[in-house]
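Step one of this worksheet: look at the structure below.
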Amino acid sequence: MSLDLEIMHQRQAKLEAMRAAGLEPYPHRFEFSQSLTQLLAEHGNDTTEQLEASRPKVRVCGRLIALRTHGKAGFAHLLQDGARLQVYTRQDGVDADTFALWKSLDLGDLVGVDGYLFRTRTGELTVHAEKIEFLAKDLRPLPEKWHGLQDVELRYRQRYLDLLVNPDVRQVFIKRARMVECLREQFQARGYIEVETPMMQPLAGGAAARPFTTHHEALDLPLYLRIAPELYLKRLVVGGLDRVFEINRNFRNEGISTQHNPEFTMLEFYEAYSDYHVLMAWSEQLLAQTARRVAGSTAIEFRGTNIDFGHCQRLSLRAAILKFWPAGAGAAPSPDAIHDPAQEAAILQSCGMVYDRAAGEGAGLVALFEHLAEPHLVQPTIIYDFPRSVSPLAKSKADEPAWVERFEIYAGGMEIANGYSELNDPDEQRRRFEQQLALGKAGNAEAHAVDEDYIRALQYGMPPTAGEGIGIDRLCMLLTGSSSIRDVILFPLLRPQQELDQEAEA
RNA sequence: GGGACGGUAGCUCAAUGGUAGAGCAUUGCCCUUUUAAGGCAAGGGUUCUGGGUUCGAGUCCCAGCCGUCUCACCA
């Protein structure tokens, strides 16, 4: 028998013994006088003398994370919601039942303690137990108390243990919650309302990605998990909700990496009567303010480098290609050349990249940009003006119709946001969809599908509008210094493990 | 999908091709202000799985499974 099972059987036996003695091992609730966090705030600075004079009565609870028994007395540490408090129990300070219970407690058990506060000889604030109540059993041994849980796979699979024994992990997810809160507040302050749009869609639109498919039985309807909420949010703008945002999951059936999880959280927002210039400026403020509130400063550290969200440098996509032109590729193209579609193939070839006519005009330059520049974009950078062919939902530049008013924000070498002036001309939108259709037929698996209802919505008139999506997980990585997206997603997708079923059978 | 690295006790980690170990945790005993409590003793292993090489494999080889990083794709 494995030790794991042996311990479980021992603890199971204690549980049965409690029941036999008429004690309920899983009582319904425990009313504490204050949480440990509150208690530490109230009494954390009380002196030995103050406590001795007042002997504050407390009723607290939590999980036992350390046990040091000394024969007829002993110490324990209680952990509740991230806060720790020491408990002191002595035989002549409690009734016989409580002392018997104390002797039978295991590391990891959940208990409630009535007693009074004092400071030990070494000065630690401690509750002197007068009564202990059993609240729930830990049947399985906890990970090692000193090193915590290190095994990365186990940390993701059993996140509850990771959270329990690795305080840093807890902090990451608390920061994530604060970050989302902070973003919501800023949108609300700007007059936005939060909405929820379908995650199951008959057409997966709004982005270029492979979707997950599913099926609704009663309607006999094939459905896609959404790859973006974009087309629904813009329908709302048509409907007169001028400022809307949504924070929710997108699903993309693509690779998994330190920057990609199949389901990820996107903040997406649209404001009417606005354009991409407005959003670039507002995004810069949004990021700076969020960094200040979550990380305490606009300057954060990520993968060993300092990143300052106090300012975003701005570069057009084509300027970025020139700026990061590789030394081995000969002379960089002139600004005129990179604006000349006839020279795109030659420019790509000089960098050793293949020109694909089917991808559409300018698509090669985007690939070139990602190849040359993206890894260098560590400091927050706004890249603006993208080719129309890769942006079927964005509005063209007035003076250059083959390019659109679109920007992306990069930081830490990752794309964290993407926004544009929305295309609101239904006829032009139909032509763009048809171009996508042609690209799809030419073999581009990620070409955008034609959404007739969306065109119909645009036909009712959508005001000039700007919209943007911000990758919440990646922003969270940056603000918490996490180098993998899995460290900011509570339950990242893993291949399921089979041992559990085998264990259950045993 | 490619490449690199890894999988040993519940956890954290050791172990020249030669008897699988330590710390924490567990069990028993001692211990009424300890805190990585301490002392004495004990138990705990299909070394990821399956093949192969060898007198002998945790260690070397092959295949598979799982994971991490990385490249590709992508946000």
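Quick note on labels: first sequence line is chain A, next is B, and so on, each numbered from 1. Predicted model, so just to flag it, every value in this text is computed and none were measured.
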N/O (side chain, S257(A)) to phosphate O (OP1/OP2, C73(B)) under 4.0 Å: no

Which nucleotide in the list C69(B), U34(B), A75(B) gets nearest to the side chain of S484(A)? C69(B)

R252(A) side chain: which of U32(B), A75(B), A25(B) is closest? A75(B)

Can you name the side-chain contact (heavy atoms from CB on, under 4.5 Å) partners of P375(A), sequence neighbours left out? none

Per atom distances to the E415(A) side chain, the nearest of A75(B), U33(B), U26(B) is A75(B)

Got a sec, which residues hit salt bridge (Lys or Arg N to Asp or Glu O under 4.0 Å) with R184(A), two or more places apart in sequence or on another chain? E194(A)

Whether R11(A) and D109(A) form a salt bridge (side-chain N of Lys/Arg under 4.0 Å from carboxylate O of Asp/Glu) is what I want to check. no

What's Q91(A) touching, base or sugar-phosphate or nothing? Going by heavy atoms closer than 4.0 Å. nothing

Does R303(A) have any salt bridge (Lys or Arg N to Asp or Glu O under 4.0 Å) partners at least two apart in sequence or in another chain, and if so, which? none

Report, one line per pair, each donor and acceptor closer than 3.5 Å where one atom sits in a side chain of residues 404-411 of chain A; sequence neighbours left out.
{"from": "E405(A)", "atom 1": "OE1", "to": "S421(A)", "atom 2": "OG", "distance (Å)": "2.5"}
{"from": "R406(A)", "atom 1": "NE", "to": "N418(A)", "atom 2": "OD1", "distance (Å)": "3.1"}
{"from": "R406(A)", "atom 1": "NH1", "to": "V390(A)", "atom 2": "O", "distance (Å)": "3.1"}
{"from": "R406(A)", "atom 1": "NH1", "to": "S391(A)", "atom 2": "OG", "distance (Å)": "2.8"}
{"from": "R406(A)", "atom 1": "NH2", "to": "E408(A)", "atom 2": "OE2", "distance (Å)": "2.9"}
{"from": "E408(A)", "atom 1": "OE1", "to": "Y410(A)", "atom 2": "OH", "distance (Å)": "2.6"}

Distance-only check: which donor-acceptor pairs under 3.5 Å involve side-chain atoms of residues 87-97 of chain A, not counting sequence neighbours?
{"from": "R90(A)", "atom 1": "NE", "to": "D92(A)", "atom 2": "OD1", "distance (Å)": "2.7"}
{"from": "R90(A)", "atom 1": "NH2", "to": "D92(A)", "atom 2": "OD2", "distance (Å)": "3.2"}
{"from": "D95(A)", "atom 1": "OD1", "to": "D97(A)", "atom 2": "N", "distance (Å)": "3.1"}
{"from": "D95(A)", "atom 1": "OD1", "to": "T98(A)", "atom 2": "N", "distance (Å)": "2.8"}
{"from": "D95(A)", "atom 1": "OD1", "to": "T98(A)", "atom 2": "OG1", "distance (Å)": "3.3"}
{"from": "D95(A)", "atom 1": "OD2", "to": "T98(A)", "atom 2": "OG1", "distance (Å)": "3.2"}

Looking at R121(A) and U33(B), is any side-chain donor or acceptor paired with a base atom of the opposite kind under 3.5 Å? no

Test: side chain to side chain donor-acceptor pair (under 3.5 Å). Region: residues 370-380 of chain A. Which pairs qualify, not counting sequence neighbours? none

So which protein nitrogen or oxygen atoms get under 3.5 Å of nucleotides 12-15 of chain B's nitrogens or oxygens?
{"from": "U12(B)", "atom 1": "OP1", "to": "Q150(A)", "atom 2": "N", "distance (Å)": "2.9"}
{"from": "U12(B)", "atom 1": "OP1", "to": "D151(A)", "atom 2": "N", "distance (Å)": "2.8"}

In residues 76-87 of chain A, what residues come within less than 4.0 Å of RNA chain B, judged by heavy atoms? H77(A), Q86(A)

Here the salt bridge (charged side-chain N to carboxylate O under 4.0 Å, His left out) pairs for residues 384-395 of chain A, sequence neighbours left out, are D385(A)-K397(A)

Using the test side-chain contact (heavy atoms from CB on, under 4.5 Å), find all partners of E130(A) that sit at least two apart in sequence or belong to another chain. K57(A), Y116(A)

By ring pair (Phe, Tyr, Trp, His ring centres under 6.0 Å), F245(A) pairs with (sequence neighbours left out) F187(A)

Do any of residues 65-75 of chain A sit with a heavy atom less than 4.0 Å from RNA chain B, and if so which? R68(A), T69(A), H70(A), G71(A), K72(A), A73(A), F75(A)

